[in-house]
Every structure is written in C-alpha cells, then in structure tokens.
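Fair warning: this is a prediction, and the values are worked out from it, not measured in the lab. Just so it is clear: chains get the letters A, B, ... in the order the sequence lines come, proteins before strands, and each one is counted from 1.
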Protein chains: 2
Amino acid sequence: MVENGQDTRSATAEVRDGLSRRPTMRDVAKRAGVSLKTVSRVVNQEPLVEQRTVAKVELAIEELRYRRDSLARNLRKGIRQLSIGLIIEDLANPFYAHLAQAVEDAADSNAHSLILTSSREDPERERTFVINLLQRGVEGLLIVPASHDHRYLSADLVRGVRVVFLDRSPKGIEADAVLSENRAGARRAVEHLISFGHRRICFLGDPMELETSADRFLGYKDALSTAGIELDERLVSTRSSTVQAAEQQTNELLKVRPAPTALFAQNNRHCIGALRALQAADARLAVVGFDDFELATMLPTPVTVIANDAHEMGRQGAELLFNRLAGVNGGPQRRLIPGRLIARGSGEITATEVEQSLATQEDRAKYATTETRT
Amino acid sequence: MVENGQDTRSATAEVRDGLSRRPTMRDVAKRAGVSLKTVSRVVNQEPLVEQRTVAKVELAIEELRYRRDSLARNLRKGIRQLSIGLIIEDLANPFYAHLAQAVEDAADSNAHSLILTSSREDPERERTFVINLLQRGVEGLLIVPASHDHRYLSADLVRGVRVVFLDRSPKGIEADAVLSENRAGARRAVEHLISFGHRRICFLGDPMELETSADRFLGYKDALSTAGIELDERLVSTRSSTVQAAEQQTNELLKVRPAPTALFAQNNRHCIGALRALQAADARLAVVGFDDFELATMLPTPVTVIANDAHEMGRQGAELLFNRLAGVNGGPQRRLIPGRLIARGSGEITATEVEQSLATQEDRAKYATTETRT
DNA sequence: TTGTAAGCGTTATCAA
DNA sequence: TTGATAACGCTTACAA
C-alpha cells in the first residue's frame, strides 16, 4: 500500500517534497497523532475540541501546508455549485466587455457563476477552453467562436451540454445562436454613404475568415452593386484587427488614386483606427462604423454608426442558454439583433464636400496644421 | 432507507418530479437493468459494450435526464481544477474591463480559470460573492472592495486563502494590495490647473465613502491649500457615480457664481459625464480627469488626464496573488501604481481664456448654437 | 472530548 | 461483455 510507503518517509521530507501529492486530512491526522475526524473538527472550527488538541492539529496543518479539498467537501455535503462559461475574444474591446457584462448579469440572476476566458481569436485556445470548461462541469457555454469547425462539440451536445453561440454562427453542428444583422446592417451603412453622393467607398475590416467580416463585406457589395458602382479592390482592406493596424491600413487606403471619399469601418476597432488616421492626416472623409461606442457623439465630427447592441446580444444569449437549462427543448434557435443606423454627422458629409477639401489639401501638399478653417 | 422509498415510485413520476434529487448512475443502472459500472462505460463511451446494452442505457439516461456529476468524477480521477476569483465593480467601466483583462491573462498563464463577478458597489454582494467563491474552492481572490470592513475574511486568511485587494485597500485585516497613487495624482492634476491660473476648480467625484474618492479629494485639497486657495464647498460634487449622474452634477456646478473655470474629474466616468455636459452647454472649462481613456486624444479638445494604468494594476495584483500561491510568505505587500499626467489640451486652457468665453456667453444668454467662433 | 463507520457519485481494479 | 467492490477526501451519524 502506498500508505505504508509514505510512513517510512520522515515528516520533514514530506513537507519539503514539492512533488508529493497534496496532503489530506488523513496525513494531518497522522502527523498530529489524532483521528481524521478530529482534524475535520478543527478545520471546520467546531467547538468541543480541547485547546491543546487544536494547537497540535493546527501545527500539523501548518507544517504540511494542508488545505481542505473543496471538491470532496462539496460532494459529501451535496453542494453543487452551478456555473456557465463564456468565451469571448478580448475584454479590451468594449463590444465584448458589454457582452460579458450582460452575460454576467444574467448568470448572477440565475444563481450561476461566470467563468470567463478569452480566445484571442485563436481556434486552438477556443477548443482548449471548451474542454476545460466542460471538465469543470459548467452547466452551459456561451461562445463567440474563433474556430470554423465545432464538430468537436457534438459528442457533448448529445450528452446534454448546452451551448449558445454569440456573434458568429456554429459550424458543423446545430446549436442556438444570437447574431447581428451583419449583411443588412453593412448594406444600410453603405447605402447611406451612397445617398450622400459617394461612389469611392472604402471597406475596412477584419480578414474574411471571420464570418462577421465576410457578411459585412457582402452587405457592402450589395449596396455597391444595387447602386451600379463597380467594386474597386484597392479600396478594400481586410488585414487589420487592432486599432493600430486599422490606423495603418487607413493610411494606405488614403493613398489610393482616385482618392476615396468615404469609408465603412467594420467594427469599433476599425472605426476608431480609421478616425485616428483621418485625424492625423487631417483628411475629412465620410465615415460610418459598425458598432456604437461611448464617445461617438463627442468627437469633433460625431460618428454615424450602425448600433450593434452588445448588451442585448449577451442578454439574449444568456436567456437562450438558461431556457435550455430550464428544460426547453426543440430545434436550434437563432436570434437576430437588428442594427440601427444612427446618423450623427460623419456619415452625412457629402462627396462634394470631401472632394473640395481634398482639392485644397492636395495644394497645401505637406503642411501639417491643426487648423482646417478656410 | 430513501432508496426503498424511491423504489415504490413509478419511473415516470421520477422523471416528471422536478423536485426529486438529481438522478445518479445508480438510478440509471436500476432503470436499464444493468450494473452501475455498465452505465459508467456507456457514459464514458468505453468500447466493449454490446450495442443492445448501450441502447438500453442511453434510453434510461434520456428518460431520467441523467447528467454525470463532474464533482464526483473529478474527485475520483484526482482532477483538481485551479481557479481564482475576481470581484470588480462593473465591466461596463473600461477601467475595470482592462483590469479584468490583465487578470484573465495572468490567470491563463498560470493555468487557472477566472471566475468573474461584479459587486456593483454593493458591500452585501461583495460578501456573498466572496463566500460563494471560497465555497467553490478558488485558490485565491482578487477584490476591488465595495465594503468597508473585511474582517469577515480573517478566518479564511488564517486558513491559507490568498487575497489581494485592488484599487482600494483592505479594512480591518492585513492583506496584499495594489493601489493607485490617488492623492498624489489628484494633487498633481489640480496643481496643473492652478498653474494655468485657475482658482475656482470643481471637484467632481464619487461619494466620499469610496476610498479612491476620498483620497483624490485630499489631493485636491492639498493642491488648493498649497496655493493658498480657499475651498469652496459649492464646487465640490460627490453624488454621482455614473456618466449620466456626472453629467447632471456638472450642470449644477456650472450654475455656481462666481463661475468655476476648471474641473477635476475623479475618474473616467465623471470625466466623460463632465465633458458631455460641457459640450451640451457649450461651455469651455479647463478639465483634467483621473484615468486615461481610449478616445481622450481625439475629442475636439484632447483631454488632459492622470493616466491610471488599469492593466498594470491587474497584472501586478495577479502577480502578487500567484506569488503567494507559489508559497511566498511574509507580511502584506503594498504596491503603488503611479499616475502620469498627460497634457493634451483640455487641462492647459488658461483661466483667462475661460473667463473671456464665459463673458461672451453670458451676453448671448440663451442661444444654443453649435458654433463658438467669434 | 474523541473516534469509528458509512456514504456522497463517480472511476479503477479485478474477477466472472 | 459485464459486474462486485474498493477508493477518491471529505462530512454525517453514532458510539465510546
């Protein structure tokens, strides 16, 4: 027996040996020369234990660095903590922060804890986290997927694990999802720009591998083709995913000739990057962004956006999940969060205005002043 | 025995009765007429089980809505998932979102999951969550405290639970903490304003019950008294905690006469609220805010701030916690995150400028135009 | 005041 | 291919 093997080792060796298994109450009991139950009493601060015994046991606990195993405790006590897991891309993106906030809220209302992880857009991490969360025994999962194949989940789905996808749809499996009206929203944004006379409109977005990006690009193309505008590939930039990268990409876009007069930014990261670049270059294009953001109203030219309600997406996703957990069965549900166009100024700059300011700017060639007044 | 009691109930009743205890493998086994171990085999998709048996068991699982208990499983398999808990105020505040992001990152690097909860500044919720998290068996806790008495934690601290406080210090117990240089930072901000000739400077903050607010107010007073400026209570507003409330409070502050020429906003919520109010009222005061924020550089008047590095706070907090978990002992550690003043424009508007614009504005009494040019 | 034995719901071992 | 039994680390019931 292993027990006997341990007995032959000195207590100090047991203390020092970092590799030895975690000490149990049994170990503490042996060390203190009392029964397991007495240790339990001390650990749980039950009364009716003699002070001297308490001291002995506490010493042993200290020496062995004993910590109670909550798993065993909760199993025995019949305590089953409920939790759900959320996998997002990154909390630094306010869209996901708001999404997570709504989910956290719902989890709390339903007496579940929230375990939060960030995939950083890495499919490998997504899978690892899903497996990890399932092993933890979460009741359900909310996923903003980074991967393009979710068949690895199908076995668990059969076994009753509940999964809801957010922002992007599941691939290869049937599952609930809450999505934005990406294509329609993007289309509306670009149509809006076209209605102000623009024909050279940039698309600034994530790589097309991301479903939201691809869908929004489709909306962009829809609007162009309806208006009979030919797509100029040079105006399409889909290599950025951070604010900084978007800023650089915008600078590239600004160099294209004939120059673009408007820009559609595919999410708040791109929009902010684009605005930074435009401000730095002192270029005044019409801009519409996907996703609203806190300070959109307060910029020098308030920003026209397709408001994409992250909070609502999180709320509805959690609602679906908790419905499932409450026993609602049936085929996969799909909910669409509509986008509202909020005109604030940046999207209503006319093509003519832009062209005029471009003309004067070309004259002044390399002058970098903050003042634009003529 | 309860077992017998259950036996007398029909299987269907057992299915329907939502109140009956969760079914176990034993229940499934009985239902399917096989042994417990066979059920285990099916659940774990072990081979070497006859197809007919598998079918029988799966049917029983379906009927009883059986789900494997991960607690028991992990206990038996010796799997102990590690996790830490984080209690913040609210993810919608970008300061906490960045803090949480850094903690999530560190948790991930240390192979721990992160359980995230929001206290919403409610001491009661804080306590509930702490207890809940400890019951879950988290290895450690990172807390942005809402409460003013943490003695309820002392028993657990003795028992080896590791706790690190963030942003606000622990009360009534000794524990590690990572704090901002609140007083010094606020003082620097207000001195900066004073150096531009301001003497009527508003303090816009949270209620004084919040340590950060109280400390930053001390810094505000330090700067005033050093400059020999008498405190005008009417310029101090500490009743807001949301952007919206800050906006309203700012409107109140603007009515004070003689009028203030500058404003110090105690955190990013107050700063944004103040800027909104100022923009709406077309009032041009000097403003310095505590906390940097993403678009501070891009507003019409770029915002001067005391940059308060949320990411660094989260990172260092997690570092302290994982050091403790790795066995570092010793007295409570305290780390200070210094604030850097970043002058961008809003804080460098001189008192004279403000007074001039105020004068012209008083003339034009009630005209609400967007144009300010003279 | 302390200890013994059973059991929480699963998996591992070994036998049938 | 299936099943009986012990064990994971703790708490509960009961006994000493």
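- Nucleotide C:dT10 holds its P atom 16 Å from the CD atom of A:Q135, rounded to whole Å.
- For B:V34 and A:T24, each mapped to the nucleotide of DNA chain D holding its nearest heavy atom, the one lying further toward the 5' end belongs to B:V34.
- Closest heavy-atom contact between B:L75 and A:A72: CD1-CB, 3.8 Å.
- Atom NZ in A:K30 sits roughly 14 Å away from atom P in C:dG3 (whole-Å rounding).
- Backbone-only engagement by A:R80 is indicated by non-hydrogen atom pairs under 4.0 Å involving sugar-phosphate atoms exclusively.
- Terminal axes of the helix from C:dT1-D:dA16 to C:dA16-D:dT1 (five pairs each, C1' rotation axis) are separated by 40°, to the nearest 10°.
- Salt bridge A:D122/A:R120: absent, no basic N to carboxylate O contact under 4.0 Å.
- Other residues, nucleotides and ligands contribute over 12 non-hydrogen atoms within 6.0 Å of the CZ atom of B:R80.
- In this structure, B:Q45 places its CD atom 12 Å from P of C:dT11, rounding to the nearest Å.
- Between B:I84 and B:V103 there is a side-chain heavy-atom pair separated by less than 4.5 Å.
- Taking atom CZ on A:R22 and atom C1' on D:dC8, their separation rounds to 13 Å, with Å as the unit.
- Looking at heavy-atom distances under 4.0 Å, A:S70 makes no contact with the nucleic acid at all.
- Surrounding CD of A:E62 are at most 12 heavy atoms belonging to other residues, nucleotides or ligands under 6.0 Å away.
- The side chain of B:T53 contributes no N or O atom lying less than 4.0 Å from OP1 or OP2 of D:dT1.
- Atom C1' of nucleotide C:dT10 and atom CG of B:L75 are separated by 8 Å, given to the nearest angstrom.
- B:R315 and B:D105 are not joined by a salt bridge, as no carboxylate oxygen comes within less than 4.0 angstrom of a charged side-chain nitrogen.
- Judged by distance alone, the side chains of A:S113 and B:R136 do bring a donor and an acceptor atom under 3.5 Å apart.
- B:D27 and B:R21 are joined by a salt bridge, as a carboxylate oxygen and a charged side-chain nitrogen come within less than 4.0 angstrom of each other.
- For A:Y96 and B:Q101, the side-chain atoms include no donor-acceptor pair closer than 3.5 Å.
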Contact state string [nucleotides 11-16 of chain D, B base, S sugar-phosphate only, - no protein heavy atom under 4.0 Å]: BBB---

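- The distance from atom CD1 of A:I79 to atom P of C:dG9 is 13 Å, rounded to the nearest whole Å.
- In this model, the phosphate group of D:dG3 is approached by a side-chain N or O of B:T38 to a distance below 4.0 Å at OP1 or OP2.
- Whole-Å rounding puts the B:N74 CG to D:dC10 P distance at 15 Å.
- With distances taken from any side-chain atom of B:L48 to the nucleotides D:dC10, D:dT1, D:dG3, the minimum falls on D:dT1.
- Regarding B:R21, its CZ atom lies at a distance of 6 Å from the P atom of C:dG9, rounded to whole Å.
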